[in-house]
Amino acid sequence: MTQLILDVDGLGVVLPESRKGGYRAYLDPLSVDVNMISGRMVRELRGSVWRVSYQYGYFREEQKNLVIAACEKGRRQPILCSFLPPNAGDEPKQSRFFVTKLTYPKFMWSARMTGRGETPAALWGDFALELREVKPSD
């Protein structure tokens, strides 16, 4: 099941399904604390934005480069993402997101890949990403 797709310039970068609680999508309320003249403080709710956190174990070199390029673009400007909200079944939602946190993958080890003539391939791990929706969804 696809949980997250980062769409950059019409090229969708599909992230592998995260396991063991590595994927989370939730609505986060946007509010402002207002001090009234009487001295009371009230909290004004302005809306809610989606936040998505994602972690994954191991990427191959080609996929790692695509994911990093998409994430770096998302730090500078909003990118279109398809994500799977909780209790949505198989129906993903689409919105524009900023990348708020990025943990670059680290080189873990080299594995021998069968089907490629037993050539070594680098595996990259410990990747984490957090996204925040640009505009409130409600």
Trainee: Taking all atoms of both residues into account, what is the closest heavy-atom pair of D7 and G12, and its distance?
Mentor: OD1-N, 3.8 Å

Trainee: Same cluster or not: L102 versus V134, using hydrophobic residues (I, L, V, M, F, W, Y) connected whenever any side-chain heavy atoms lie under 4.5 Å apart?
Mentor: no

Trainee: Of all residues at least two apart in sequence or in a different chain, which pass the salt bridge (charged side-chain N to carboxylate O under 4.0 Å, His left out) check with R46?
Mentor: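 Listed in chain order: E44.
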
Trainee: Could you tell me which non-hydrogen atom of Q3 sits nearest to which non-hydrogen atom of P16, and how far apart they are?
Mentor: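 For Q3 and P16, the tightest heavy-atom pair comes out as OE1-O, 4.4 Å.
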
Trainee: Side-chain heavy atoms under 4.5 Å apart, restricted to Ile/Leu/Val/Met/Phe/Trp/Tyr: what other residues fall into the cluster of W124, or is it alone?
Mentor: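 Joined to W124, directly or through intermediates: F107.
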
Trainee: Tell me every residue that passes salt bridge (charged side-chain N to carboxylate O under 4.0 Å, His left out) with K135, counting only those two or more places apart in sequence or in another chain.
Mentor: none

Trainee: Could you go through residues 77-86 and list every donor-acceptor pair under 3.5 Å that involves a side-chain atom there, pairing it with any protein atom two or more places apart or in another chain?
Mentor:
from: S82; atom 1: OG; to: Q94; atom 2: NE2; distance (Å): 3.3

Trainee: Sequence neighbours left out, cut at 3.5 Å: what donor-acceptor pairs do the side chains of residues 63-72 make with other protein atoms?
Mentor:
from: Q63; atom 1: NE2; to: V14; atom 2: O; distance (Å): 3.3
from: N65; atom 1: ND2; to: E61; atom 2: O; distance (Å): 3.3
from: E72; atom 1: OE2; to: Y104; atom 2: OH; distance (Å): 3.1

Trainee: Apart from M36 itself, what residues make up its hydrophobic cluster, given side-chain heavy atom links below 4.5 Å?
Mentor: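 Taking Ile, Leu, Val, Met, Phe, Trp and Tyr as members, M36 shares its hydrophobic cluster with V32, V34, V42.
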
Trainee: Quick check on the hydrophobic clustering: are V52 and V49 connected, directly or via other members, by side-chain heavy-atom contacts under 4.5 Å?
Mentor: no

Trainee: Could you tell me whether the side chain of E133 and the main chain of W50 form a donor-acceptor pair under 3.5 Å?
Mentor: yes

Trainee: Within the structure provided, determine whether L4 and L131 are in side-chain contact (heavy-atom separation under 4.5 Å).
Mentor: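 Yes, close enough: below the 4.5 Å cut-off.
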
Trainee: Applying the 4.5 Å side-chain criterion to the ILVMFWY set and letting contacts propagate, would Y54 and L27 be lumped into a single cluster?
Mentor: yes

Trainee: Can you tell me how far the CG atom of L15 sits from the OH atom of Y23, to the nearest 0.5 Å?
Mentor: 10.0 Å

Trainee: At their closest point, which heavy atom of S18 faces which heavy atom of Y56, and how far apart are they?
Mentor: CA-CD1, 4.3 Å

Trainee: Taking atom CZ of R51 and atom CG of D28, what is their separation to the nearest 0.5 Å?
Mentor: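 Output value for this atom pair is 4.5 Å.
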
Trainee: Can you name the nearest heavy-atom pair linking T103 to D126, along with the distance?
Mentor: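 Looking at all heavy atoms of both residues, the closest pair is CG2-O, 3.8 Å.
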
Trainee: In Å, rounded to the nearest 0.5 Å, how long is the span from CZ of F127 to CD of Q55?
Mentor: 10.0 Å

Trainee: On a heavy-atom basis, which atom in G47 and which in P136 lie closest, and how many Å separate them?
Mentor: CA-CB, 4.4 Å

